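This report concerns only the one structure given below.
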Amino acid sequence: MDEDLTLSSGACLRIMKAPIDDSSTWKLQPNVQFLSIKQVTNPAGQGGPDRYRLIISDGTHFIQAMLATQLNHLVENGTIKKLCVAVLEKYTANIVQNKRLIIVMNVRVLGVTAEKLGNPQSLDNTLPAATTNNNPSGTSTTPAQQQFNATTSSSVSGGQSSVPQQPQRAGDRGAIFPLEGLSPFQNKWTIKVRVTQKSEIKQWANAKGDGKLFSCTLMDETGEIKATAFNQAVDDLYDRLEEGKVYYISRARVNLAKKKFSHLSNEYELGLERNTEIEECRDQVNVPTVKYTFVPLKDLENVPKDTTCDVIAIAKETHDLSEITSKSTGKTIPKRELTLVDRSGFSVRLTLWGEQAKKYSTTGQPVVAIKGVKVGDFGGRSLSMYSSSTMAINPDITEAHALRGWFDSAGSEANFQSHSNAMGSSSGSGGGINRSEMKTLQQVKDLNLGGSDKPDYFSSRIIVTHMRNENLSYPACPVEGCNRKVTESSEGWRCERCDRTHDKPEYRYILTLSGADYTGQLWLQGFNDVGMVLFGMPANELKALEDRDKDAYDSTLKKVLSQIVNVNCRAKQETFNDTTRIRYGINRIQPLDFTVDTELVLDQLAAFVQN
DNA sequence: CCCCCCCC
């Protein structure tokens, strides 16, 4: 090796500490040694190639740098490797959140040594404050950073004399960073954040092992981030973080967010670890509760399916707690639906899951402000809560007061349009009947809906032509959301699921009815909600009526026949006693609204004429 | 280091 492999001691110091506009620094072409070359995966969803992070030594100090991506091939073809000595021919410094990030743009490799040269020490990567402030370009501080700095300093001079400003937190934990400024490239920072959501502690066990974890959502003025703690850190930290409170947090790990599993708008997420420092902050200036970007319910049609948004609305209807069985896991999951309405004249269904569904016990018609809710396309548009979604009930914000005022004065009497019948129709409440999927009963048969393994869904307009008259209802467990059939014993009505005996049952409808349209006829199954619509009274009342006044009961049953209803049905193959047939269940039912349906027909006619 | 966000 004929090249001189002597390192340029002092180069790291000059690169990191010299004034940024001192161009002489960049003319320096030092000999350095690469102590480490590590691939850094590009943040998910940002596209672009991966990058390489270098540890550069001048024999006295070492610093971090990034290799310009156009030089990636030098790593990949082995030209640049660990312990090689090279001339930094061209490099530059970007200031990223008060840190100098060195980008290596051109190198000439001189050789490689068997061992690390010298005894290099880490060079503190923090810029002198004056250098940052004098940054001549002014472009390397993000707008959010500037805004954060501005608001922070205004709060200092804002006469908050009773709340002493938190001491300088620079120390070895670093300055207070806006959430937006966090990145894996620096680790000395403190954030000042509100915990807007904290999960339960979750245990897991899989092939790779077992453990426990919890996660929470942290928020400041600039953004939000998910933070997760595992195992020992769960014990240390779970009780120290409370929903709604504000904390200083430092020494957490910044990881790339796995977008597939996080619905927050942040490229990163935090790992809370054993040495993570958390300190409650009583000065809550400049830490908002939740930052909303509300979408009117009408505009949900423009929000792509499976993305999240924020809405504020009146919870016009609260449905009972029920449950579903997850197709993927087979687990039973509590569910509750709310019907939301707002001033845009639309109504949309919102589903709460699990604990959120169980805990929702608000009566009446509150204002709900929802952050990070998932948009679905069931019935045109629907909303579904993630566990990271938050709901504030009657929040003390301007939009909520305005909505309350509108609803109490006019909105409660208004008719609302749903996204399901928005096409072609101009008013009315479709409530889950998807007009674009309207089928005649003959079409249902011709298309063999329900004829495959998976269910098919369709909507039809039918007239009730017959109803099975016996066993219209069954005695059910009165526990909300249970609905299990109970059996009478000497002690009362026993529910096997709840393992309880009740004084009396809650009767629930279980109906078999014949529906017809101008093309054909089908037998349909319907449960309690169908009976409620057709009979206009709970099954308990109908049962009492049967005992009390047989004539009135008979006439009530008779009135069901010839009712015209719009229904949304689920067609699914079933095998019973070696016979396979298709069962049609009514998911949703709506009495015909002649005004709405006439308008719909007129619209269809107009479209037909135009074509 | 989990990872499901469900159903009709």
Side-chain angles (χ1 to χ4, degrees), chain A residues 44 197 199-217 226-234 253 255-264 269-274 305-308 319-337 339 349-358 370 372-391 418 420 430-434 437 449-450 454-459 481 483 525-530 567-572 583-590:
Chain A
Q197 183 268 135
S199 78
E200 310 281 300
I201 295 175
K202 183 186 164 183
Q203 311 274 345
W204 87 85
N206 60 27
K208 284 181 250 169
D210 53 36
K212 59 184 171 183
L213 70 112
F214 78 94
S215 63
C216 55
T217 306
K226 178 180 173 179
T228 308
F230 291 91
N231 301 322
Q232 180 64 44
V234 174
R253 181 188 294 272
N255 298 317
L256 282 171
K258 290 179 183 143
K259 285 294 185 181
K260 201 179 161 200
F261 305 119
S262 171
H263 316 291
L264 304 181
E269 56 192 45
L270 294 180
L272 305 178
E273 303 185 316
R274 277 195 310 277
K305 173 174 150 62
D306 297 330
T307 62
T308 61
H319 296 261
D320 290 347
L321 186 68
S322 63
E323 60 186 33
I324 58 111
T325 305
S326 166
K327 277 183 199 159
S328 53
T329 62
K331 272 199 282 187
T332 311
I333 298 144
K335 174 188 108 161
R336 186 192 299 276
E337 288 179 2
T339 305
R349 210 175 84 185
L350 167 73
T351 308
L352 311 183
W353 302 101
E355 285 302 306
Q356 274 182 323
K358 285 202 224 164
I370 305 158
V373 68
K374 179 188 180 185
V375 177
D377 66 354
F378 187 76
R381 273 291 176 273
S382 57
L383 297 172
S384 173
M385 296 290 273
Y386 283 125
S387 62
S388 59
S389 310
T390 61
M391 174 187 286
S418 79
S420 58
I433 312 289
N434 191 338
E437 291 173 23
L449 295 182
K454 64 173 183 54
D456 290 310
Y457 298 92
F458 64 93
S459 296
N483 302 344
Q525 317 294 320
F527 290 103
N528 206 46
D529 48 341
V530 173
V567 287
N568 175 265
C569 297
R570 175 188 199 262
K572 176 86 170 70
R583 189 187 135 103
Y584 305 94
I586 301 176
N587 290 324
R588 304 223 150 215
I589 182 166
Q590 212 122 62

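Just so you know, these numbers come straight off a predicted model, no measurement behind them. Below, chain A is the first sequence line, B the second, and so on; all start at residue 1.
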List in chain and number order the residues that pass side chain to side chain contact (heavy atoms under 4.5 Å, CB included) with A:Gln197, two or more places apart in sequence or in another chain; answer none if no residue qualifies. A:Ser199, A:Thr217, A:Ser388, A:Thr390
Tell me which donor-acceptor pairs under 3.5 Å the side chains of residues 202-214 of chain A have, and how far apart each pair is, sequence neighbours excluded?
unit_1	atom_1	unit_2	atom_2	d
A:Asn206	OD1	A:Lys208	N	2.8
A:Asn206	OD1	A:Gly209	N	3.2
A:Lys212	NZ	A:Asp235	OD1	2.7

Considering residues at least two apart in sequence or located in another chain, which fulfil the side chain to side chain donor-acceptor pair (under 3.5 Å) criterion with A:Thr329? A:Ser326
State which residues pass side chain to side chain donor-acceptor pair (under 3.5 Å) with A:Ser384; sequence neighbours excluded, sorted by chain then number. A:Trp353
Test of understanding: with ring-ring contact (aromatic ring centres under 6.0 Å, His included), list the residues that count as partners of A:Tyr584, not counting sequence neighbours. none
Each nucleotide in nucleotides 2-7 of chain B should get exactly one letter: B, S or -. Can you fill that in based on protein heavy atoms under 4.0 Å? BBSBBB
